[in-house]
**Q** 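Below is a structure I'd like to ask you about.
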Amino acid sequence: LPKIVTSSFCFCSVCFSLPWQCFRALCCKGPPPPRPEYDLVCIGLTGSGKTSLLSQLCSESPENIVSTTGFSIKAVPFQNAILNVKELGGADNIRKYWSRYYQGSQGVIFVLDSASSEDDLETARNELHSALQHPQLCTLPFLILANHQDKPAARSVQEV
């Protein structure tokens, strides 16, 4: 009878992982690893620049941008992550519904028109404070973006 040769193989993740990583690095085969996705909400008054900001981040044409009525969702790709951003319209009649879209958010972008009137700045301040105190947002990271810094009437960071 012929002699049967047996060998043992280790299929644990440590032993298997390194050769697989080397194979992928050398051959560039297989799909790239998935990028983590984060859900953000983008809020601010009408005309603050939310749509323009997201269009710029998505490398879309700045022409034909119109104010968001209701909401829109954009996937903003970065090298190491994807941001799924829910942009909520900033009109008076829409702001009262913002909180319905907060659930599941992992961060907040608040866009402020730094060249707006004193009344609009006060309204934006009130909306920001309301969002900062909302139970679904109060523990999340906030980015407050003072937009329109290129305008002559723009306030400095200290003034904002």
Side-chain angles (χ1 to χ4, degrees), residues 13 17-18 20-21 24-25 28-160:
S13 62
S17 175
L18 186 59
W20 176 250
Q21 288 173 349
R24 280 191 45 151
C28 301
K29 300 287 182 186
R35 292 182 281 180
E37 294 189 28
Y38 301 97
D39 295 327
L40 305 178
V41 64
C42 182
I43 55 178
L45 302 185
T46 296
S48 61
K50 300 177 299 292
T51 305
S52 297
L53 168 70
L54 294 175
S55 294
Q56 185 76 24
L57 290 174
C58 290
S59 300
E60 296 175 351
S61 172
E63 297 179 22
N64 302 325
I65 292 178
V66 295
S67 288
T68 302
T69 304
F71 73 96
S72 72
I73 300 175
K74 288 197 183 286
V76 182
F78 289 95
Q79 184 176 4
N80 297 323
I82 297 173
L83 303 181
N84 297 311
V85 183
K86 281 187 271 186
E87 177 199 352
L88 307 181
D92 291 343
N93 60 339
I94 296 174
R95 288 195 305 263
K96 60 186 172 187
Y97 299 109
W98 280 359
S99 62
R100 295 183 184 195
Y101 297 92
Y102 291 165
Q103 187 171 1
S105 295
Q106 297 170 288
V108 181
I109 303 169
F110 189 91
V111 182
L112 171 73
D113 179 358
S114 62
S116 65
S117 68
E118 288 295 327
D119 288 343
D120 284 347
L121 197 60
E122 180 66 21
T123 302
R125 184 179 76 79
N126 292 335
E127 293 296 341
L128 174 60
H129 282 261
S130 178
L132 286 166
Q133 294 171 2
H134 193 278
Q136 290 177 317
L137 301 183
C138 65
T139 60
L140 300 180
F142 269 74
L143 167 66
I144 301 170
L145 181 75
N147 201 14
H148 298 146
Q149 287 292 304
D150 57 331
K151 293 185 177 179
R155 292 168 183 80
S156 68
V157 173
Q158 293 77 18
E159 291 174 306
V160 170

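FYI, the numbering just counts along the sequence from 1.
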**Q** Are any side-chain N or O atoms of Trp98 and backbone N or O atoms of Gly89, one a donor and one an acceptor, separated by less than 3.5 Å?
**A** yes

**Q** Do Leu143 and Ile109 come within less than 4.5 Å of each other through their side chains, counting heavy atoms only?
**A** yes

**Q** Hey, mind stepping through Tyr38 and Asn84 against side-chain contact (heavy atoms from CB on, under 4.5 Å) and telling me if it holds?
**A** CA-CA 6 Å; Tyr38 301 97; Asn84 297 311; over 6 Å; no

**Q** Inspect the surroundings of OH in Tyr97 and state if more than 12 heavy atoms from other residues, nucleotides or ligands are less than 6.0 Å away.
**A** no

**Q** Which heavy-atom pair separates Cys42 from Val111 by the least distance, and what is that distance?
**A** SG-CG2, 3.9 Å

**Q** Short question: side chain of Gln133, backbone of Ser130 - any donor-acceptor pair under 3.5 Å?
**A** no

**Q** Decide yes or no on side-chain contact (heavy atoms from CB on, under 4.5 Å) for Thr123 and Leu45, but give the supporting numbers first.
**A** CA-CA 8 Å; Thr123 302; Leu45 302 185; 4.0 Å; yes

**Q** Are the side chain of Gln136 and the backbone of Tyr102 linked by a donor-acceptor contact shorter than 3.5 Å?
**A** no

**Q** When you measure from the side chain of Ser105 to the backbone of Gly107, do you find a donor-acceptor pair of N or O atoms at a distance under 3.5 Å?
**A** no

**Q** Nearest 0.5 angstrom please: Asp113 CG to Lys50 NZ, how far?
**A** 10.0 Å

**Q** Tell me if a side-chain donor or acceptor on Arg155 pairs with a main-chain N or O of Ser114 at a distance below 3.5 Å.
**A** yes

**Q** How long is the span from the CG atom in Leu88 to the OG1 atom in Thr69, to the nearest 0.5 Å?
**A** 12.5 Å

**Q** Ring pair (Phe, Tyr, Trp, His ring centres under 6.0 Å) with Phe110: which residues, sequence neighbours excluded?
**A** none

**Q** Using every non-hydrogen atom in the two residues, find where Ala131 and Ile43 come nearest and quote the distance to one decimal.
**A** CB-CD1, 3.8 Å

**Q** Looking at every heavy atom in both Cys58 and Lys74, which two are closest together, and how far apart are they?
**A** SG-CD, 4.0 Å

**Q** Measure the CG-NE2 distance between Leu112 and His148 for me, rounded to the nearest 0.5 Å.
**A** 10.0 Å

**Q** Tell me whether Thr68 contacts the main-chain N or O of Phe71 through its side chain, where contact means a donor paired with an acceptor under 3.5 Å.
**A** no

**Q** Between Leu121 and Ser116, which heavy-atom pair has the shortest distance, and what is it?
**A** N-OG, 3.7 Å

**Q** Looking at Arg95 and Gly90, what are the two nearest heavy atoms and their distance?
**A** NH1-O, 2.8 Å

**Q** Does CG in Asn64 sit with more than 12 non-hydrogen atoms of other residues, nucleotides or ligands closer than 6.0 Å?
**A** no

**Q** Apply side-chain contact (heavy atoms from CB on, under 4.5 Å) to Val76 and Leu54, showing your working.
**A** CA-CA 8 Å; Val76 182; Leu54 294 175; 4.3 Å; yes

**Q** To the nearest 0.5 Å, how far apart are NE2 in His134 and OG1 in Thr139?
**A** 11.5 Å

**Q** Hey, is CD on Gln56 packed in by over 12 heavy atoms from elsewhere, all under 6.0 Å?
**A** no

**Q** Just to verify, what does Ser48 make a side-chain hydrogen bond (donor to acceptor under 3.5 Å, both in side chains) with, not counting sequence neighbours?
**A** none

**Q** If you draw a 6.0 Å radius around CD in Glu159, do more than 12 non-hydrogen atoms from other residues or ligands fall strictly inside?
**A** yes

**Q** First locate atom CG of Asp92, then atom OG1 of Thr46, and finally report the distance between them rounded to the nearest 0.5 Å.
**A** 7.5 Å

**Q** Any donor and acceptor pair, going by atom type alone, linking the side chain of Gln106 with main-chain N or O of Asp39 inside 3.5 Å?
**A** yes

**Q** Do Leu128 and Ile144 have side chains that approach each other closer than 4.5 Å (heavy atoms only, starting at C-beta)?
**A** yes

